[in-house]
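Treat the numbers as computed from the prediction; the structure is a model and nothing was measured.
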Amino acid sequence: MSLRNVAIIAHVDHGKTTLVDQLFRQSGTFRDNQRIEERAMDSNDLEKERGITILAKPTSVDWTPPGETESVRINIVDTPGHADFGGEVERILSMVDGVVLLVDSSEGAMPQTKFVTGKALALGLKPIVVVNKVDRNDARIQEVLDEVFDLFVSLDANDEQLDFPVLYASGRNGYASTDMDAREGTLIPMFETIISHVPPPAVEVAGVPFTFLVTLLDRDPFLGRILTGRVNSGTVKVNQPIHALDNDGKIIETGRASKIMSFRGLDRVPVDEAKAGDIISLAGLTVATVANTIADITVTEPLHAQPIDPPTLSMRFAVNDSPMAGREGTKVTSRMIRDRLFREAESNVAVKVVEAADKDSFEVAGRGELQLGVLIETMRREGFELGISRPRVLFQEDEDGKKTEPYETVIIDVDEEYSGTVVEKMNLRKAELTDMRPSTGGKTRITFSAPSRGMIGYHGEFLSDTRGTGIMNRLFERYGPHKGNIEGRKNGVLISNGAGEANSYALGPLEERGILFVGHGEALYEGMIVGENAKPDDLEVNPMKTKALTNFRASGGKDDAIRLTPPKKMTLEQAIAYIDDDEMVEVTPKSIRLRKRYLDPNERKRAARAKQS
């Protein structure tokens, strides 16, 4: 059977996973009457809820060209579109021989498209460009194609890569065509283009030992550690002796290939052997991890693993030490948190974990707020309780010993009436305007080069400023000169001065002080943040005060007339972006609370004095 390995790459929400659904259906992977969830490849709960792909996942379809009897197996890797999960994409590109670049017919080439495409072109992969959603009313197909060509030129694509085939498609409606005006049909042109344009794996099968580079790591309760990647050379059979080598050629462990699994649609199917070029999962080793080489025991030279861009942001994950610790979670000790974080760093090469000297906290570095937010959300669903600090960027030094910090390309699509406000706010955050032009739908597209430090916590304010109509995309650009002090949150917070239950009698007057985060009857503790102060200073308040019971009553039933505005409830990402350096987010399976790092007011004053001195 002939073989093709291809990755589908695109900006978030441009339709990769929906297109893969249709490739499944039209290749006969699913029965006509089989009930399949929409976006079948997004199997993770968080992926389904957010509508984005977080984990790169291989799959395969068998397709028989019209008029022929022998089918072709196409291994497809669905990749994340968000730059925060770029570590996933960088690894899997080493498994494939071509890429399908999907671009929206209206939005065009977006920042994340640039990031992943640059990695693919640098590896010499030849792209197939698919202009998706051609049936949109605001489609601008020719302009988008010109943008893609300009993007390839700016990424130093060679002549062969610039001579790319183009398909015009609607993933949702299941058709693709070489004709720009086609609005119906099937995906046969896409299958044919993949087979003709993507070369078969250029590998050796006979007379060479088995080698295999691990690109994805998974766990199974029965099989243990499952290693996924592409067989680079030779053949592997079940129970064959193998060993794992690190990047220096040192043997990590020796064992047997107890189980070999190949991808068939959405399932992993056990097979007796796998040959060079196959994308497989392998079980039988207990220590080997991502970027290790699994090989026949005669092999001593490791395969080259693609270098991964370094993390740019870090957060402190600490044991939850609030008065309410241990009430909702089942995993609350530092040992459990440590094991879980190091397990994550092992399978996700874009995450780095360093244990603090006190053994009760860990510095976790990653690509962005979304990536670390997804990790925290996953952990809280597993039963963990955590204390999370404000994100901070990771500084570096240049050759002259000067401090440098990460910069991002920020592309904002906003209605013209809000563009002035956005530019003003971005200037305050030390961003430089690099481009401004009309966009689709009557919007203005504004491009900035901004220090990552200034973008922390801005997204919520941006949505408020644009009445929820603005769209922001961010992409790591480079390390550049340190921009100096950037003003943070302007408002102080309201801090509970005791423990108990919030009472509407006390909360009513507090509404005049600012915005409340808690409602009547919620459990509070000393040092917990209950609201945002309208002024710059922090203010300690008593939200638990009750009305004294006397024989005197107000006339007209005014005792019952307290009507509170619903409290502002933050999501996990909003809470992490909101807090200041001396504050934390308490994360449990059922609650997200904001608190001061030091709950005791005397300790807070001592810490503030020490910081000033």
Side-chain angles (χ1 to χ4, degrees), residues 1-8 20 24 27 29 41 43 55-63 71-79 88 91-98 198-206 208-220 222-245 252-297 299 302-306 347:
M1 179 183 286
S2 185
L3 188 65
R4 299 291 187 277
N5 294 323
V6 65
I8 297 188
V20 174
F24 280 149
S27 65
T29 304
M41 290 292 286
S43 52
L55 303 170
K57 291 175 284 290
T59 184
S60 77
V61 297
D62 290 348
W63 184 72
S71 61
V72 179
R73 175 159 299 147
I74 304 173
N75 286 319
I76 302 170
V77 186
D78 187 20
T79 64
E88 290 278 325
R91 287 179 296 170
I92 63 92
L93 287 176
S94 63
M95 295 199 297
V96 298
D97 303 296
V198 177
V203 289
E204 299 176 72
V205 180
V208 290
F210 161 69
T211 57
F212 167 91
L213 185 67
V214 183
T215 49
L216 298 170
L217 174 65
D218 197 6
R219 279 180 176 76
D220 185 278
F222 304 105
L223 300 174
R225 185 170 292 222
I226 295 177
L227 309 165
T228 300
R230 184 171 87 160
V231 181
N232 193 66
S233 64
T235 304
V236 61
K237 298 182 178 179
V238 174
N239 285 328
Q240 178 178 324
I242 53 175
H243 64 195
L245 306 170
I252 302 169
E253 67 170 320
T254 304
R256 290 181 179 273
S258 61
K259 195 107 174 177
I260 302 169
M261 289 166 287
S262 184
F263 293 89
R264 300 288 183 274
L266 297 176
D267 302 318
R268 273 197 290 228
V269 179
V271 294
D272 293 330
E273 70 171 0
K275 297 177 181 177
D278 288 338
I279 294 177
I280 61 164
S281 291
L282 195 70
L285 298 176
T286 57
V287 181
T289 186
V290 172
N292 289 162
T293 299
I294 314 300
D296 188 89
I297 52 174
V299 175
L303 298 172
H304 171 68
Q306 277 299 114
S347 61

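- Across all their heavy atoms, Ser281 and Phe263 have their closest contact at OG-CZ, 3.5 Å.
- Between the side chains of Ser71 and Arg73, no donor-acceptor pair of N or O atoms lies under 3.5 Å.
- Between Leu213 and Ala291, the shortest heavy-atom contact is CD1-O, 3.8 Å.
- Of the inter-residue distances, the one linking Arg268 atom CZ with Thr59 atom OG1 reads 11.5 Å to the nearest 0.5 angstrom.
- Considering Leu303, Thr289, Leu227 as possible partners of Val214, the one that fulfils the side-chain contact (heavy atoms from CB on, under 4.5 Å) test is Leu227.
- Rounding to the nearest 0.5 Å gives a distance of 13.5 Å between CD1 of Ile280 and NZ of Lys259.
- For Thr215 (side chain) and Thr228 (main-chain N/O), a donor-acceptor pair under 3.5 Å exists by modelled atom type.
- With sequence neighbours excluded, no residue forms a side chain to side chain donor-acceptor pair (under 3.5 Å) with Thr235.
- A distance-only check finds no donor-acceptor pair linking the side chain of Thr286 to the backbone of Arg225 [under 3.5 Å].
- For the side chain to side chain donor-acceptor pair (under 3.5 Å) condition, no pair includes a residue of residues 270-280, sequence neighbours left out.
- With values rounded to the nearest 0.5 angstrom, Leu285 atom CG is found 9.5 Å from Asn292 atom CG.
- Nearest approach of Val236 to Ala257, heavy atoms of both residues: CG2-CB, 4.2 Å.
- Here Asp97 pairs with Arg230 under the salt bridge (charged side-chain N to carboxylate O under 4.0 Å, His left out) rule; sequence neighbours left out.
- Here the closest heavy-atom approach between residue Ser233 and residue Ala276 is recorded as CA-CB, 3.7 Å.
- The minimum heavy-atom distance linking Ala295 with Thr211 is given by the pair CB-CG2, 4.0 Å.
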Working for side-chain contact (heavy atoms from CB on, under 4.5 Å), residues Val6 and Ile76: CA-CA 5 Å; Val6 65; Ile76 302 170; 4.1 Å; yes

Stepwise side-chain contact (heavy atoms from CB on, under 4.5 Å) check, Ile226 with Met261: CA-CA 10 Å; Ile226 295 177; Met261 289 166 287; 4.1 Å; yes

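- The line from CD1 of Ile297 to NE2 of His243 is 7.5 Å long, rounded to the nearest 0.5 Å.
- With rounding to the nearest 0.5 angstrom, the CG atom of Asn5 is 4.0 Å from the CD1 atom of Ile279.
- Contact between Ala288 and Leu217 at its shortest, heavy atoms only, is O-CD1, 4.5 Å.
- With hydrogens and angles disregarded, no donor-acceptor distance shorter than 3.5 Å links the side chain of Gln240 to the backbone of Asp296.
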Residues Trp63, Val72; criterion side-chain contact (heavy atoms from CB on, under 4.5 Å); working and verdict: CA-CA 5 Å; Trp63 184 72; Val72 179; 5.5 Å; no

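- Between the CZ atom of Phe210 and the CG atom of Leu282 there is a distance of 5.5 Å, given to the nearest 0.5 Å.
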